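Everything numeric in this text was worked out from a predicted model, so none of it was measured.
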Amino acid sequence: MKLTVLKEFLNESIQHVSKAISSKATIPILSGIKIDADSTGITLTASDTDISIQSFIPIEKNELQVIDLKQSGSVVLPSKFFVEIIRKLPAQQVEIEVKDHFQTTIRSGSSEIQLVGLDPEEYPIMPGIEENKRIQIPSDLLKTMIKQTSFSVSTNEATPILTGILWTISNGKLKFTACDRHRLASRETTIDTNVDLSLNNVSISGKTLNELSKILPDQNTLIDVVFAENQVLFKMSSILFYTRILDGTYPDTSKLIPQVYQTELVVNTDNLADAIDRAYLLSREEKTNIVKLVMREDQTIEISSSSSELGKVTEELTTVSMKGELLRISFNSKFMLDALKVMDSEHIHIGFTGAMQPIIIRPDENSSLLQLILPYRTMG
């Protein structure tokens, strides 16, 4: 293999695929990045068996010659060095030449680097996926849905299914659900699908979806999402992102969400977030993160937290509206802040069904976004 490629394009592709490289690769060759060069361009591949990413660099882009291919070929190069070396090369042109036994020379400007390559034939083949179960979703919407739910996945590997975001599709609607047993986040959207597609137990690692989110373009670009028996493929213009579906059955969380509320509040989102943020400063010192909310008859609420060593924070907020029974309730301030950060509205609706029942937070009553937090039992 021998070629010259513009550093900018090569570096961008490497940054994309390197997100699939694990520092604890179970198969030694998976610690490398596979490079395939032919008359159409260069394909870079990286995998850790859970996720695989391919990025394609065309020979030409927008009438700019990106690659000058002298000889086709393939090689696997050690990612730890390859990623850093390409980023630090001095010139805009990078020449890569692979000789016998996959000995690879990289030249750029006055630099010349020798790398010991590996046999690409030993690299696992990418999974073949039938494209009969496929949806399209705008990349900016997918990014938003991941952001609004991924923080609620469990970090406890003892229950792997809860480390994922559940995807359900029914009646032309796609819904994300994430739950770690203490809180839940869900977001729904309408999708265009040319088949009567129904999904009810596809759970994808929240960590993986956060990595995908870093690659997704910001602009309103349609992404193809293809579902197979145990794999999901995300197709972008020059990137293929494969991930496996988590094993197991996701628990039914629908029963957690009350249909009728005993008490309802409408409050300014930023004012509540700022008050809880200040209370969080003390609550985190106690390592409990507990903040109390007390409702008053004059349509105000009191937010407070205390630390046995530092003292107490008390704030009073005026609500937009309050109806139902007056409650005193305690909750995890960090969980509430995480929920408030993804609310995209000036005011939020909070529903309560009792001091020890789930707290429901929405941007408005009919929102497709919902956050649920379980309260804490406290003395006093």
Side-chain angles (χ1 to χ4, degrees), residues 141 144-153 165-166 168 173-190 253-280 283 289-305 315-376:
L141 174 59
T144 299
M145 290 180 71
I146 293 168
K147 179 185 172 187
Q148 289 174 331
T149 52
S150 62
F151 58 84
S152 285
V153 301
I165 294 175
L166 176 69
T168 48
K173 292 196 175 210
L174 166 67
K175 185 177 183 181
F176 281 12
T177 305
C179 180
D180 68 359
R181 291 204 171 99
H182 303 288
R183 56 177 166 176
L184 177 148
S186 74
R187 169 68 199 271
E188 194 172 63
T189 189
T190 304
T253 57
S254 60
K255 297 181 182 70
L256 293 172
I257 299 157
Q259 301 305 307
V260 181
Y261 300 118
Q262 182 180 317
T263 307
E264 290 181 75
L265 291 179
V266 178
V267 63
N268 180 282
T269 310
D270 289 344
N271 291 351
L272 180 62
D274 290 347
I276 292 173
D277 200 19
R278 286 185 285 270
Y280 172 57
S283 68
N289 290 340
I290 292 176
V291 164
K292 291 181 184 176
L293 184 152
V294 179
M295 301 170 198
R296 308 284 190 209
E297 288 194 5
D298 62 357
Q299 300 279 299
T300 63
I301 55 173
E302 181 186 281
I303 305 287
S304 66
S305 71
E315 300 219 12
E316 191 175 277
L317 288 179
T318 304
T319 63
V320 175
S321 69
M322 184 193 299
K323 60 182 180 183
E325 294 181 28
L326 300 179
L327 287 176
R328 303 166 69 91
I329 199 160
S330 300
F331 51 84
N332 183 307
S333 51
K334 185 181 182 305
F335 288 0
M336 182 65 84
L337 283 172
D338 286 343
L340 294 176
K341 277 176 194 167
V342 298
M343 294 291 162
D344 49 5
S345 62
E346 185 182 353
H347 298 104
I348 54 158
H349 290 241
I350 310 179
F352 306 87
T353 51
M356 288 311 299
Q357 298 302 314
I359 304 165
I360 305 295
I361 308 124
R362 295 177 183 265
D364 59 63
E365 287 179 274
N366 302 311
S367 171
S368 60
L369 173 64
L370 177 146
Q371 304 286 340
L372 177 153
I373 298 170
L374 292 180
Y376 282 162

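- Side chains of Pro358 and Ile257 form no contact here, defined as non-hydrogen atoms less than 4.5 Å apart.
- Within the 4.5 Å cutoff, no side-chain heavy atoms of Val294 are placed close to those of Ser304.
- Scanning both residues, Leu327 and Ala355, for their nearest heavy atoms gives CD2-N, 4.1 Å.
- The two residues Glu325 and Thr263 have their closest heavy-atom pair at O-OG1, 2.5 Å.
- Inter-residue side-chain proximity for Ile361 and Met336 is flagged as met; some heavy-atom pair is nearer than 4.5 Å.
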Pair Phe331-Arg183, side chain to side chain contact (heavy atoms under 4.5 Å, CB included): steps then yes or no
CA-CA 11 Å; Phe331 51 84; Arg183 56 177 166 176; over 6 Å; no

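- For the side-chain hydrogen bond (donor to acceptor under 3.5 Å, both in side chains) criterion with Glu302, the lone passing option out of Lys292, Arg328, Arg296 is Arg296.
- Summarising the geometry, atom CZ belonging to Arg278 is positioned 11.5 Å from atom OG belonging to Ser305; distances are rounded to the nearest 0.5 Å.
- Taking CD1 of Ile303 as the reference point, atom CG of Asp277 lies at 12.0 Å (rounded to 0.5 Å).
- Between Thr149 and Thr177 the shortest side-chain heavy-atom distance does not fall below 4.5 Å.
- Leu374 places none of its side-chain heavy atoms less than 4.5 Å from the side chain of Phe335.
- The heavy-atom pair separating Thr319 from Ile301 by the smallest distance is CG2-CG2, 3.9 Å.
- Rounding to the nearest 0.5 Å places CE of Met322 at 10.0 Å from CD1 of Ile350.
- No side-chain heavy atom of Leu372 sits under 4.5 Å from any side-chain heavy atom of Thr253.
- Contact annotation: the side chain of Leu141 approaches that of Arg187 to within less than 4.5 Å [non-hydrogen atoms, C-beta and beyond].
- Closest approach of Leu272 to Leu317, counting heavy atoms only: CA-CD1, 3.7 Å.
- Shown here are the side chain to side chain contact (heavy atoms under 4.5 Å, CB included) partners of Thr168, two or more places apart in sequence or in another chain: Leu166, Lys175.
- A side-chain donor-acceptor contact under 3.5 Å links Gln371 to the backbone of Gln148.
- At least one side-chain heavy atom of Ile146 sits less than 4.5 Å from a side-chain heavy atom of Phe176.
- Atom OH in Tyr261 sits 5.0 Å away from atom CD1 in Ile360 (nearest 0.5 Å).
- A pairwise comparison of heavy atoms in Asp364 and His349 identifies CA-CD2, 3.5 Å as the closest pair.
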Please evaluate residues Met295 and Phe352 with respect to the criterion side chain to side chain contact (heavy atoms under 4.5 Å, CB included), reporting the C-alpha separation (whole Å), side-chain torsions for both, the decisive distance (0.1 Å), and the verdict.
CA-CA 12 Å; Met295 301 170 198; Phe352 306 87; 3.4 Å; yes

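- Proximity of a side-chain donor or acceptor of Ser333 to a complementary backbone N or O of Ile290 within less than 3.5 Å is not detected.
- Atoms OG and CE, on Ser150 and Met145 in that order, are 12.0 Å from each other to the nearest 0.5 Å.
- Across every non-hydrogen atom of Tyr280 and Val291, the tightest pair is N-CG2, 4.5 Å.
- Leu265 contributes atom CG, which lies 7.5 Å from atom OG of Ser321 (distance to the nearest 0.5 angstrom).
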Any chance you could lay out the side chain to side chain contact (heavy atoms under 4.5 Å, CB included) test for Leu370 and Leu184, step after step, and finish with the verdict?
CA-CA 8 Å; Leu370 177 146; Leu184 177 148; 3.9 Å; yes

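- Looking only at distances, a side-chain donor or acceptor of Thr269 sits under 3.5 Å from a matching main-chain atom of Ser345.
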Apply side chain to side chain contact (heavy atoms under 4.5 Å, CB included) to Ile348 and Val267, showing your working.
CA-CA 6 Å; Ile348 54 158; Val267 63; 3.8 Å; yes

